[in-house]
Amino acid sequence: MAAPPAPAAEGSPQPEPHAPEPGPGSAKRGREDSRAGRLSFCTKVCYGIGGVPNQIASSATAFYLQLFLLDIAQIPAAQVSLVLFGGKVSGAAADPVAGFFINRSQRTGSGRLMPWVLGCTPFIALAYFFLWFLPPFTSLRGLWYMTFYCLFQALATFFQVPYTALTMLLTPCPRERDSATAYRMTVEMAGTLMGATVHGLIVSSAHRPHRCEATATPGPVTVSPNAARLYCIAAAVVAVTYPVCISLLCLGVKERPDPSNPASGPGLSFLAGLGLTTRHPPYLKLVISFLFISAAVQVEQSYLVLFCTHASQLHDHVQGLVLTVLVSAVLSTPLWEWVLQHFGKKTSAFGIFAMVPFAILLAAVPTAPVAYVVAFVSGVSIAVSLLLPWSMLPDVVDDFQLQHRHGPGLETIFYSSYVFFTKLSGACALGISTLSLEFSGYKAGVCKQAEEVVVTLKVLIGAVPTCMILAGLCILMVGSTPKTPSQDASSRLSLRRRTSYSLA
């Protein structure tokens with residue numbers, strides 16, 4: 001490696017003797033670097049396929065788990081609140097733990113991040129299946145679902161942290177990273193669409209409204225064994241996607257190798273790196289803003305099915321509304337990627353605001369035509385709310401590394417701590433909102449809920465997401481955002497990653 005240029009004497013008018021000058025050779029090297037950092041179509045698609053199972057499982061739990069626990073498992077709302085809160089907190093707490101162990105792991109023949117993805121796959125599939133299994137006992141069902149939901153969330157975190165951090169090691173080119181992120185989001189949403197379609201079609205007959213017509217008593221409806229069997233079949237179908245999709249990920253994606261002899265020696269400890277990342281202002285702004293936005297999206301998803309089932313006459317439209325949300329999200333993701341590249345990421349954030357007036361409209365006028373319009377617009381907003389933070393996070397990491405000389409390897413800490421904070425906000429939002437159903441008098445398994453429950457569901461589907469989205473957007477719009485680094489800066493960052501990637 002050439003020695004760094006010596007600084008010019010103070011006040012000297014002469015240029016630095018080793019300063020690089022633009023010329024044909026420099027332009028040629030820039031073109032070669034750009035070609036070297038370019039990802040193939042197959043690599044981008046396989047990378048996206050790797051995230052499909054987690055997104056399918058997350059989509060199924062987001063739309064149907066709460067309804068399953070309340071109406072099929074017939075757990076009291078207070079216990080459901082604890083299950084959802086405990087599971088989300090478990091997943092959130094696993095993020096810094098995952099970052100710690102991943103940063104200390106040694107590189108293997110398949111890389112340093114890929115073995116974690118492979119090792120977690122079979123255990124996530126098993127935990128997900130038992131999450132939807134109805135045990136024969138009733139007194140300890142709350143503990144059963146708490147255990148497996150916590151296991152599923154923790155294992156999914158140990159899968160997702162290295163998988164998303166792999167974005168930084170695919171290529172040093174920021175534009176290619178954004179493109180890979182867009183491919184990942186598009187393929188994941190397409191998989192989520194297929195998974196939610198299959199899951200919803202399988203379990204749809206378990207929630208038909210005519211099951212209440214033959215019941216003369218106002219008490220809870222007896223759960224049909226067929227309903228429990230349908231949920232087990234749906235869980236098995238989703239669980240099978242884990243080994244299939246991860247096999248394609250390993251075949252099509254190669255992690256960029258570390259150098260044989262690092263130049264910068266041991267890096268920072270995990271706690272020191274975590275302290276540095278959480279004090280970086282652009283990162284703080286990104287995290288705090290999407291704490292509110294991601295919590296709003298999770299609340300909207302979790303209560304859409306419950307709202308249609310118990311607070312409106314939309315029982316027969318549940319599957320259609322869920323599909324409308326997912327289809328619009330899939331179709332709008334390439335459009336949002338185009339908007340990100342041509343108009344900037346801050347401008348794209350205004351797409352999230354579209355959900356606000358329509359969420360209020362659904363709560364006020366819960367009719368089928370309005371519901372489908374709201375579902376379509378919500379899918380468009382959800383697409384940009386999911387794509388935007390993962391497109392901004394690599395820029396934040398690059399901005400941090402250009403300002404600090406602590407060496408690379410902090411990517412995993414940035415990603416794991418971001419997921420930690422967003423999951424924690426979702427845990428609080430879902431836990432508190434589900435507890436509000438208990439206070440309003442929600443009765444598990446009954447055909448008709450009290451008017452107080454209906455009002456509570458309208459508030460949860462309309463006012464709560466609106467307030468959180470507005471708060472998040474206000475924070476995101478304040479101040480400047482990190483710019484996409486130039487090719488030269490990207491090359492310097494790539495060199496630093498290649499020469500000093502690991503943390504102590």
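Side chains are part of it too, since the values below use all heavy atoms of this structure and drop only hydrogens, waters and symmetry mates. None of these values were measured; they are calculated from a predicted model.
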Quiz item: Where the side chain of Ser59 meets the backbone of Gln55, is there a donor-acceptor pair that is under 3.5 Å apart?
Solution: no
Quiz item: Quick one: does Ser90's side chain have a donor or acceptor within less than 3.5 Å of a partner on Gly86's backbone?
Solution: no
Quiz item: Is the count of non-hydrogen atoms from other residues, nucleotides or ligands lying under 6.0 Å from Tyr47 atom OH greater than 12?
Solution: yes
Self-check item: Ring center gap for Phe414 and Tyr283 short of 6.0 angstrom
Solution: yes
Quiz item: Are any of the side-chain heavy atoms of Thr61 and Leu131 separated by less than 4.5 Å?
Solution: yes
Quiz item: Hey, mind stepping through Leu84 and Leu65 against side-chain contact (heavy atoms from CB on, under 4.5 Å) and telling me if it holds?
Solution: CA-CA 9 Å; Leu84 297 178; Leu65 181 60; 4.1 Å; yes
Self-check item: Pro135 versus Tyr145, closest heavy-atom pair with distance
Solution: CD-OH, 3.4 Å
Practice problem: State the CD1-OG distance between Ile382 and Ser294, to the nearest 0.5 angstrom. | Solution: 12.0 Å
Quiz prompt | Reported CD-to-OG1 distance for the pair Gln74 and Thr138, which is rounded to 0.5 angstrom | solution = 10.0 Å
Exercise. Indicate yes or no for a side-chain donor-acceptor contact from Thr121 to the backbone of Val117 under 3.5 Å, with no hydrogens or angles considered.
Key: yes
Quiz item: What closest approach, in Å, do Leu134 and Ile72 show between heavy atoms, and which atom pair accounts for it?
Solution: CD1-O, 4.2 Å
Quiz item: Going by distance alone, is a donor N or O of one side chain under 3.5 Å from an acceptor N or O of the other, for Glu438 and Ser81?
Solution: no
Quiz item: Taking all non-hydrogen atoms of both residues, which atom of Leu476 and which atom of Met392 are closest, and how far apart?
Solution: CD1-CE, 4.1 Å
Quiz item: Does the separation of the ring centres of Tyr442 and His310 fall below 6.0 angstrom?
Solution: yes
Exercise. Quick one: do Leu437 and Leu306 satisfy side-chain contact (heavy atoms from CB on, under 4.5 Å)? Show the steps, please.
Key: CA-CA 11 Å; Leu437 291 179; Leu306 271 178; 4.2 Å; yes
Quiz item: To the nearest 0.5 Å, what is the distance between CG (Leu470) and CD1 (Ile475)?
Solution: 11.5 Å
Exercise. Output yes when a side-chain donor or acceptor of Thr164 lies under 3.5 Å from a complementary backbone atom of Val161, and no otherwise.
Key: yes
Practice problem: List the steps, then state whether side-chain contact (heavy atoms from CB on, under 4.5 Å) holds for Lys44 with Ser179. | Solution: CA-CA 8 Å; Lys44 294 176 184 178; Ser179 178; 2.9 Å; yes
Quiz item: Say you draw a straight line from SG of Cys428 to NZ of Lys88; how long is it, rounded to the nearest 0.5 Å?
Solution: 11.5 Å
Quiz item: Do Arg184 side-chain atoms and Gly51 backbone N/O form a donor-acceptor pair below 3.5 Å?
Solution: no
Quiz item: Parallel under 30°, tilted from 30 to 60°, perpendicular over 60°: which one fits the rings of Phe133 and Trp144?
Solution: tilted
Quiz item: Where is the tightest heavy-atom contact between Asn54 and Ala156, given as atom of each residue plus distance?
Solution: ND2-O, 3.4 Å
Quiz item: Which heavy atom in Pro465 sits nearest to a heavy atom in Glu300, and how many Å separate them?
Solution: CG-OE1, 3.2 Å
Exercise. Using atom types as modelled and distance alone, determine if a side-chain donor or acceptor of Ser381 lies under 3.5 Å from a backbone N or O of Gly351.
Key: yes
Quiz item: Just by distance, do the side chain of Tyr242 and the backbone of Cys120 share a donor-acceptor pair under 3.5 Å?
Solution: no
Quiz item: Going through the checks in order, is the side-chain contact (heavy atoms from CB on, under 4.5 Å) test met by Arg141 and Leu69?
Solution: CA-CA 9 Å; Arg141 280 184 182 175; Leu69 295 177; over 6 Å; no
Quiz item: Are the side chain of Ser312 and the backbone of Phe307 linked by a donor-acceptor contact shorter than 3.5 Å?
Solution: yes
Exercise. For Lys458, check salt bridge (charged side-chain N to carboxylate O under 4.0 Å, His left out) against everything at least two apart and list the hits.
Key: none
Quiz prompt | For Phe68 against Trp132, the heavy-atom pair lying closest together | solution = CZ-O, 3.5 Å
Quiz item: Only one of Leu67, Val459, Leu457, Thr456 forms a side-chain contact (heavy atoms from CB on, under 4.5 Å) with Tyr303, so which one is it?
Solution: Leu457
